[in-house]
K.L.:
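One structure coming up, written as structure tokens, with questions to follow.
Here is how names work: the chains are called A, B, and so on, in the same order as the sequence lines, proteins then strands, and each is numbered from 1. When reading the values below, keep in mind they use all heavy atoms of this one structure, side chains included, and skip hydrogens, waters and symmetry mates. Keep in mind that what you see is a predicted model, and the values were worked out from it rather than measured.
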Amino acid sequence: MRKKTAEHRKVYLVDTTLRDGNQSPDCNFDVDTKKKFALLLDEIGYYQIEAGIPAAGKEEKDFLCQLMSEKKHIKIATWNRMNKQDIAHSFDCSPDIIHISVPVSDNMIQSILRKDRKWLEAELLRCVEYASSKESEVSIGFQDASRADPEFMLALASALKDFNICALRLADTVGILTPRATAELVGRFMLETEFAIGVHTHNDLGMAVATAAEAVKFGAMFVDTTMFGVGERAGNCDAFRFSHAIQPFYHIMPSFGNLTDQRAQISELMQSVCRKNGWLTL
Amino acid sequence: MIRIKDATLSEMKIQNNSQSDLKAFLETLQALGIEEQQLFSAGELIEANALCAAGVGSFELRGEENLHAILNRSWKHYDEIRITVSDAIYFKDYRYCFERLLHAAKQQRKEITLIVKNANCFGVALIVEWVLCGGECFVAALNGLGGYVPLEEVLVALHLQKTLDSSFDLTQFNRLKVSYERLSGEKFCTHKAILGDAIFHVSSGIHVNGVKKDPSNYEPFPPSLIGAERKIILSKYSGKSAVLMKLEQQGLDFPENQLDTLLRSVKEICRKTGENITDEAFEMLVNRMKGEQRT
């Protein structure tokens, strides 16, 4: 999906409750609740849901396969680390979108991957080529983008320009972006690449909604959210709060009305699997 | 130099009216670096007549549309200017407004206190931008009481922007939280930014692995900054790294070649119970498996 048409002022929520939300120690989704949750979001009119990590094991893969066969319109994305083994697990589920997460900050490249920038670029291209060999769309996430070198990220984006990437996501992995830093980061990607830009924000400093809104102001098309902001540490961008805040100014998908109509049902599902008193509005 | 007017006490419904708890709360706030208490309520804050008598000029900024009206008013009779904004201003050119106001304040040698009503969660972002534009004074309240900007979030955000001086001691936050919960009878949500009990709990394999290699990979600041501690939680998404760190944290020995079996058992228990495994249950499991190996 390429940017720069009028259509792109629409803002699409990408729900990551079942992936990033579920990585919180205080959320324990069972398979049955996951399925109900995903199908409810399909009914609400979500464009995309990040439904799980196939490499996590058989139970997760079985759930994702089942979801693919039962869902109607919603696009199912799977989350993958940047390696061919993870992507092969995703192939087994035939998702709509294979999302590859790429740690792009020097700290992560060196301490987690124990590699260098050159290796990262080569491995990224190898993985994207492999992921593109099947029918799924491919999206890329720049993990820890808020602490990475923008020039390096733009060089990676440039190297990806000949692939059919449906979205490029910039992740504020530890929730430290300020509005002006968000504007600069997203603004540069909008100006210097042709990709549809998504953002993934965290609420460590209480700014997840604000930085996501700032990214939208500067052209981001996809915003990752979780229900009630559940997620690791202080959580993610809260779908309800974000929708409420930006709906007077942007055309959001799903609509704020559709989302709030189902709030009670979503809340009931979430309360059955998340710790009480964990998140304010849950 | 940043100056914060704290509105916590004016907004808190005190449940435990003990003098010693109140004193401890105020002392901890002071140790944190907060010198000034806002001891009147939000209703009074926007009561312009009362404030005018106290030498405070109070204006509500709605955006560029009324910025010039505020700038054109004479400020000379006021000792202090208070600007109240709704956080809906976030979708307007707030930086321009802030810069113009601060420029005018500098020319007239007045201080502006910014008050953001945080209805849409843009409050911290606006205060951070206020300070980055050169603003020094604002109102905040612990846990966002009264719809003000949460003190704990804005202080840590400003610390990470390197805009706080050394007079702020953020390690006091954990003590302040205990004191606040005692006075108000209310607990912070466990995932509340900065002060939630669970924000430094890590469980998923990917995150534990990253934290083990370098905690800054998945932490915006070290827990010690606010006087807290990191904790590894074993859940169905944990990996070998988490089990190893947990064994180390609890001072337990376990044969390395049996770690996969231990991890499988941990995940199985979590799956069956739908809960994370407690430290006690983990210790019992480890001891039971060691016993089984001996027999």
K.L.:
Ignoring hydrogens, what is the shortest heavy-atom contact between A:Ala234 and B:Lys192? Give both atom names and the distance.
P.N.:
CB-C, 4.5 Å

K.L.:
With rounding to the nearest 0.5 Å, note down the distance linking CZ in B:Phe200 to CD in A:Glu232.
P.N.:
12.0 Å

K.L.:
For A:Arg117, give me all partners under side-chain hydrogen bond (donor to acceptor under 3.5 Å, both in side chains), at least two apart in sequence or on another chain.
P.N.:
A:Asp106, A:Asp149

K.L.:
Considering only heavy atoms, which portion of A:Ile246 lies under 4.5 Å from any heavy atom of chain B: side chain, backbone, both, or neither?
P.N.:
both

K.L.:
Below 4.5 Å from any heavy atom of chain A, which atoms of B:Val124 appear? Answer side chain, backbone, both or neither.
P.N.:
both

K.L.:
Against chain A, work out which of B:Cys270, B:Ala198, B:Gly210, B:Ser216 has the most heavy-atom pairs shorter than 4.5 Å and name it.
P.N.:
B:Ser216

K.L.:
So which of B:Glu152, B:His207, B:Gln161 has the biggest tally of heavy-atom pairs under 4.5 Å with chain A?
P.N.:
B:His207

K.L.:
Side chain from CB out, backbone as N, CA, C, O: work out which of these in B:Phe188 comes under 4.5 Å of a heavy atom of chain A, or both, or neither.
P.N.:
backbone

K.L.:
Looking only at non-hydrogen atoms, find the nearest pair between B:Phe122 and A:Ala245 and report the distance.
P.N.:
CZ-CB, 3.6 Å

K.L.:
Taking atom NE2 of B:His159 and atom CG of A:Leu205, what is their separation to the nearest 0.5 Å?
P.N.:
10.5 Å

K.L.:
Return the OG to CD1 distance between A:Ser24 and B:Ile199, rounded to the nearest 0.5 Å.
P.N.:
12.0 Å

K.L.:
Please classify the contact of A:Thr211 with chain B as side chain, backbone, both or neither, using a heavy-atom distance under 4.5 Å.
P.N.:
backbone

K.L.:
With salt bridge (charged side-chain N to carboxylate O under 4.0 Å, His left out) as the rule and sequence neighbours excluded, what pairs involving residues 49-60 of chain A come up?
P.N.:
A:Arg19-A:Glu50, A:Lys34-A:Glu60, A:Glu50-A:Arg169, A:Lys58-A:Asp62, A:Glu59-B:Arg271

K.L.:
Got more than 12 heavy atoms from elsewhere within 6.0 Å of CD, B:Glu65?
P.N.:
yes

K.L.:
Tell me, side chain or backbone of A:Phe29 under 4.5 Å from chain B's heavy atoms, or both, or neither?
P.N.:
backbone

K.L.:
What part of B:Ile194 gets within 4.5 angstrom of chain A, counting heavy atoms only: side chain, backbone, both, or neither?
P.N.:
both

K.L.:
Could you list which of residues 178-185 of chain A have a heavy atom closer than 4.5 Å to any heavy atom of chain B, in residue-number order?
P.N.:
A:Thr178, A:Pro179, A:Arg180

K.L.:
Heavy-atom distances under 4.5 Å only: say whether B:Ser238 touches chain A with side chain, backbone, both or neither.
P.N.:
neither

K.L.:
For chain B, which of A:Gln110, A:Glu214, A:His202, A:Arg114 has the most heavy-atom pairs under 4.5 Å?
P.N.:
A:Glu214

K.L.:
Checking B:Tyr90 against chain A: side chain, backbone, both or neither under 4.5 Å from a heavy atom?
P.N.:
both

K.L.:
What's the shortest heavy-atom distance between A:Gln143 and B:Tyr218, and which atoms?
P.N.:
OE1-OH, 2.6 Å

K.L.:
Hey, which of B:Ile232, B:Asn276, B:Val202, B:Leu234 is the one that makes side chain to side chain contact (heavy atoms under 4.5 Å, CB included) with A:Pro25?
P.N.:
B:Asn276

K.L.:
Listing request: all salt bridge (charged side-chain N to carboxylate O under 4.0 Å, His left out) pairs with a residue in residues 202-212 of chain B, at least two apart in sequence or in separate chains.
P.N.:
none

K.L.:
To check you understand the geometry: which heavy-atom pair defines the closest contact between A:Val209 and B:Asn120, and what is its length?
P.N.:
CG1-O, 3.9 Å

K.L.:
Non-hydrogen atoms of chain B under 4.5 Å away: do they reach the side chain of A:Thr173, the backbone, both or neither?
P.N.:
side chain

K.L.:
Please find the pair of heavy atoms, one from B:Asn217 and one from A:Asn107, that lie closest to each other, and give the distance.
P.N.:
OD1-ND2, 3.4 Å

K.L.:
In this structure, are over 12 heavy atoms from other groups packed under 6.0 Å from B:Gln249 atom CD?
P.N.:
yes

K.L.:
Do you know the tightest heavy-atom contact between A:Met207 and B:Ala157?
P.N.:
CE-CB, 4.2 Å

K.L.:
Hey, what do you get for NE2 (B:His191) to SG (A:Cys274), rounding to the nearest 0.5 Å?
P.N.:
8.5 Å

K.L.:
With a 4.5 angstrom heavy-atom cut-off, could you sort out which part of B:Leu132 is near chain A: side chain, backbone, both or neither?
P.N.:
both

K.L.:
When you compare the side chain of B:Phe221 with that of A:Ile176, does any pair of heavy atoms fall below 4.5 Å?
P.N.:
no

